[in-house]
Amino acid sequence: MSDPEIKTPSNFIKQIIDEDLKQGKNEGRVHTRFPPEPNGYLHIGHAKSICLNFGIAARYNGACNLRFDDTNPEKEEQEYVDSIKKDVRWLGFSWDEREYFASDYFDKFYEFAIKLIEDGKAFVCDLDAGQMREYRGTLKEPGTESPFKNRSVAENLDLFTRMKNGEFPDGSKTLRAKIDMSSGNINMRDPVIYRIQRASHHRTGDAWCIYPMYDYAHCVSDSLEGITHSLCTLEFEDHRPLYDWYLDQLEIYHSRQYEFARLNLSYTMVSKRKLLLLVKEGHVSGWDDPRMPTLSGLRRRGYPPEAIIDFCERIGLAKADSTVDIAMLEFSVRDFLNRHALRVMGVINPLKVVITNYPENAMDELDAINNPENPDAGTRKVPFSRELYIERDDFMEEPPKKFFRLAPGREVRLRYAFFITCNEAVKDEMGNITELRCTYDPETRGGDAPDGRKVKATLHWVSAQHAVKAEIRRYEHLFTKENPEEGGDFQSNINPDSLTVLNECFIEPSIKGSSSGQTYQFERLGYFCVDPDSAAEKIVFNRTVTLKDTWKKIQQK
RNA sequence: UGGGGUGUCGCCAAGCUGGUAAGGCACCGGAUUCUGGUUCCGGCAUCCGGGGGUUCGAAUCCUCCCACCCCAGCCA
């Protein structure tokens with residue numbers, strides 16, 4: 001069957017392949033392809049397809065090609081092919097030398113089209129777009145034959161050659177397949193094979209003024225590459241008869257198409273077209289805005305590729321339309337980062353603490369563990385001094401029952417440092433707390449009391465004079481609704497608080513010199529990753545995801 | 001009677017050669033813990049869109065019905 005080492009859940013595609021292998025189809029070969037159109041950036045939905053196609057190939061000792069489906073020059077650009085390659089590589093998949101472009105096959109597509117004409121299976125049609133729509137019929141009524149369907153082979157050949165040579169204006173003629181205008185499947189109502197389109201192609205330039213349609217180009221590309229299992233999304237189910245028709249008529253290697261449900265994620269939009277709108281309308285800063293579900297956005301946000309792959313394995317594969325809870329993606333991110341991110345202390349919303357019984361100019365260095373999940377990550381020194389910052393949320397003047405943190409008269413532990421007791425909350429004239437005056441117990445250095453005394457909370461902190469000031473960008477879901485389309489337009493469901501910039505954040509000095517993309521766990525807060533906007537004078541962090549917060553849950557009750 | 005699909009726990013998803021509902025996320029307990037994190041233990045569908053039928057026995061077979069999704073680009 002397959003490698004027992006790789007134990008991902010079964011799904012209908014694997015079952016089909018297992019059966020094919022058992023029957024000896026394709027000489028035991030398994031060959032897939034990931035076929036993006038270079039007209040936008042890849043998103044989390046594509047990741048599902050990438051993991052599927054490359055994953056299947058790996059599992060069955062086969063191969064997966066990267067093929068750019070570039071048959072519509074008006075929408076495609078080199079910028080997109082570059083970003084796509086970068087993203088697939090980032091996820092960790094390799095297509096080796098098998099990087100193909102549908103445009104590489106333009107000559108072959110043309111020759112095969114000639115064959116269809118010669119066999120009397122295609123004709124040149126003079127109907128314009130509007131007329132063709134009328135002749136096509138409707139969902140319930142059959143279409144009408146084109147008046148040009150009966151042209152002779154010779155005339156079709158002549159006309160098609162002249163189409164190619166640029167003798168006719170854009171849109172004035174098409175090459176069409178002769179199938180069945182009364183088919184219940186509209187795709188079979190004499191579909192267009194080639195259209196005239198004078199647009200400069202990102203790779204072939206102006207060499208062609210006719211371009212093949214997806215249905216024709218895709219199946220032929222699959223065939224030429226010897227793709228055994230051509231996996232695509234559900235909306236192409238209706239196209240499968242046409243996919244099969246072309247390959248049958250052309251009598252070339254017959255790849256098989258199988259369809260699976262695309263990924264939908266709660267609080268997220270997964271549509272290249274709509275994501276492009278978010279960018280164009282300025283709701284986000286670009287395709288790589290950390291709030292975007294694009295792979296470039298997730299990367300900048302700090303989502304590790306391993307987490308994305310893990311997520312894609314966890315969600316499974318089926319044919320039922322579904323919307324996966326975004327919490328599942330966040331789980332995969334936390335799960336990976338918990339095991340790999342170095343821990344550090346940082347205060348996002350600072351409250352000054354003065355240790356009144358600590359000498360003015362003294363300082364201490366405490367040992368802190370870099371990652372409790374991984375002893376090999378070692379330890380580091382964290383500076384301590386008289387003036388510190390703690391998180392504002394960690395102090396309450398009048399604490400409710402279940403609040404274990406700092407309060408007047410209460411003793412808590414400063415992580416890896418000392419027990420401190422709060423004696424006074426200093427306020428300004430407005431009544432806002434500006435500073436806490438506390439005393440520490442020198443005997444508790446390192447975090448444990450020799451007398452066995454316990455505290456109910458451990459707080460993170462940072463030494464004021466040693467801390468690095470940072471900007472933190474805190475992200476929430478981009479949409480306020482689980483389904484961004486709820487109510488008709490996603491624009492009205494955009495979350496106005498999806499980004500909060502905090503400028504007064506203080507991080508322990510060990511993060512100095514971190515490079516862009518480096519991710520840390522700020523203890524008790526979440527995972528944060530260095531943004532490329534960081535400069536020597538100012539480090540910027542993106543909040544990748546928070547830690548689970550049961551205190552927040554208790555509060556909300 | 002256009003055509004093509006899909007309906008199993010709040011969200012994904014196994015199961016499909018009939019034998020009496022995996023797992024994950026979420027959620028709810030409880031234990032451990034110098035992160036109210038992690039980890040650990042326990043709970044969480046007598047029921048598989050609905051009705052009928054076949055059978056000793058059906059989520060799995062038959063049948064009727066219902067709901068939802070996709071298709072009328074010279075886009076992919």
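Any value given below was found using the heavy atoms of this structure, including those in side chains, with hydrogens, waters and symmetry copies removed. The chains referred to below are lettered A, B, ... by the order of the sequence lines, with proteins before strands, and numbering in each begins at 1.
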Where each residue is assigned the nucleotide of RNA chain B containing its nearest heavy atom, which of Glu237(A) and Ser182(A) is assigned the position nearer the 5′ end?
->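 This one resolves to Ser182(A).
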How do Ala457(A) and Leu329(A) order along RNA chain B: which one's closest nucleotide is nearer the 5' end?
->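 This one resolves to Leu329(A).
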Aromatic ring proximity, centroids under 6.0 angstrom, Tyr194(A) and Phe160(A) =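 Under 6.0 Å, so yes.
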Given the side-chain rings of Trp551(A) and Phe404(A), with only the six-membered ring counted for Trp, is the space between their centroids under 6.0 Å?
-> no
Work out how far the [atom1] atom of [N] is from that of [M], and round it to whole angstrom.
| N | M | atom1 | result |
| --- | --- | --- | --- |
| rC41(B) | rG52(B) | C1' | 46 Å |
| rU8(B) | rG29(B) | P | 28 Å |
| rG57(B) | rC64(B) | C1' | 23 Å |
| rC68(B) | rC25(B) | C1' | 24 Å |
| rC44(B) | rG30(B) | C1' | 15 Å |
| rU32(B) | rG37(B) | P | 14 Å |
| rA21(B) | rG5(B) | P | 32 Å |
| rC75(B) | rC66(B) | C1' | 35 Å |

Parallel under 30°, tilted from 30 to 60°, perpendicular over 60°: which one fits the rings of [X] and [Y]?
| X | Y | value |
| --- | --- | --- |
| His46(A) | Phe34(A) | perpendicular |
| His201(A) | Tyr211(A) | parallel |
| His218(A) | Tyr214(A) | tilted |

Which part of the nucleic acid does [X] contact within heavy-atom distance under 4.0 Å: base, sugar-phosphate only, or nothing?
| X | value |
| --- | --- |
| Asp448(A) | base |
| Phe404(A) | base |
| Lys456(A) | nothing |
| Phe522(A) | nothing |

Once you round it to whole Å, what is the distance between [atom2] of [N] and [atom1] of [X]?
| X | N | atom1 | atom2 | result |
| --- | --- | --- | --- | --- |
| Leu459(A) | rG37(B) | CG | P | 15 Å |
| Asn264(A) | rU6(B) | CG | P | 17 Å |
| Arg240(A) | rC70(B) | CZ | C1' | 13 Å |
| Asp335(A) | rG23(B) | CG | P | 18 Å |
| Gln257(A) | rG5(B) | CD | P | 12 Å |
| Ile179(A) | rG3(B) | CD1 | C1' | 14 Å |
| Glu330(A) | rG24(B) | CD | C1' | 16 Å |
| Lys552(A) | rC27(B) | NZ | P | 11 Å |

For each nucleotide in nucleotides 8-17 of chain B, reading 5' to 3', give B when a protein heavy atom comes within less than 4.0 Å of its base, S when such contact involves only the sugar-phosphate, and - otherwise.
-> ---BSSSSB-
Nucleic acid footprint by protein, nucleotides 71-76 of chain B - heavy-atom cut-off 4.0 Å, B for base, S for sugar-phosphate alone = BBSBSB
Taken in chain and number order and not counting sequence neighbours, the residues that satisfy ring pair (Phe, Tyr, Trp, His ring centres under 6.0 Å) with His460(A) are none
With sequence neighbours left out, write down each residue that passes ring pair (Phe, Tyr, Trp, His ring centres under 6.0 Å) with Tyr267(A), or none if nothing qualifies.
-> His477(A)
Please list every donor-acceptor pair under 3.5 Å in which a side-chain atom of residues 138-145 of chain A meets a protein atom from a residue at least two apart or in another chain.
unit_1    : atom_1 : unit_2    : atom_2 : d
Thr138(A) : OG1    : Lys140(A) : N      : 3.3
Thr138(A) : OG1    : Glu141(A) : N      : 3.0
Thr138(A) : OG1    : Glu141(A) : OE2    : 3.2
Glu145(A) : OE1    : Lys149(A) : NZ     : 3.1

Note: Asp18(A)-Lys14(A) ion pair, threshold 4.0 Å (strictly below) =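 No, Asp18(A) and Lys14(A) are not salt-bridged.
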Ion pair check, Arg136(A) and Asp190(A), cut-off under 4.0 Å |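 Judged by the 4.0 Å cut-off on N to carboxylate O distance, Arg136(A) and Asp190(A) do not form a salt bridge.
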Name all residues meeting the side chain to side chain donor-acceptor pair (under 3.5 Å) criterion together with Asp364(A); count only those two or more places apart in sequence or in a different chain, and write none if there are none.
->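 Asp364(A) satisfies side chain to side chain donor-acceptor pair (under 3.5 Å) with Arg445(A) once adjacent residues are dropped.
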Pair of N/O donor and acceptor under 3.5 Å linking rU38(B) base with Arg334(A) side chain |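 Answer no: no donor N or O sits under 3.5 Å from an acceptor.
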Under 3.5 Å donor-acceptor pair, Gln521(A) side-chain atoms to rU35(B) base atoms =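 Checked by distance alone, the answer is yes.
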Please enumerate all residues that pass side chain to side chain contact (heavy atoms under 4.5 Å, CB included) together with [X], with sequence neighbours excluded.
| X | answer |
| --- | --- |
| Ser200(A) | Asp206(A) |
| Cys438(A) | Val353(A), Ile355(A), Leu406(A), Ile420(A), Cys422(A), Leu436(A) |
| Ile511(A) | Val344(A), Val468(A), Ile507(A), Ser514(A), Tyr520(A), Ile539(A), Phe541(A) |
| Ser322(A) | none |

Is there a Watson-Crick or G-U wobble partner for [N] with both distances under 3.5 Å, and which nucleotide is it?
| N | value |
| --- | --- |
| rA67(B) | rU6(B) |
| rU33(B) | none |
| rG19(B) | rC56(B) |

In numerical order, the residues of residues 413-421 of chain A whose heavy atoms come under 4.0 Å of RNA chain B are Arg413(A), Arg415(A), Tyr416(A)
With syn defined as a glycosidic torsion within 90 degrees of 0 and anti otherwise, which applies to rG37(B)?
->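 Base orientation: anti.
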Between the protein and nucleotides 40-45 of chain B, which nitrogen or oxygen pairs are less than 3.5 angstrom apart?
none

Please name the pair of heavy atoms, one in Ala102(A) and one in Phe109(A), separated by the smallest distance, quoted to 0.1 Å.
-> O-CE1, 3.4 Å
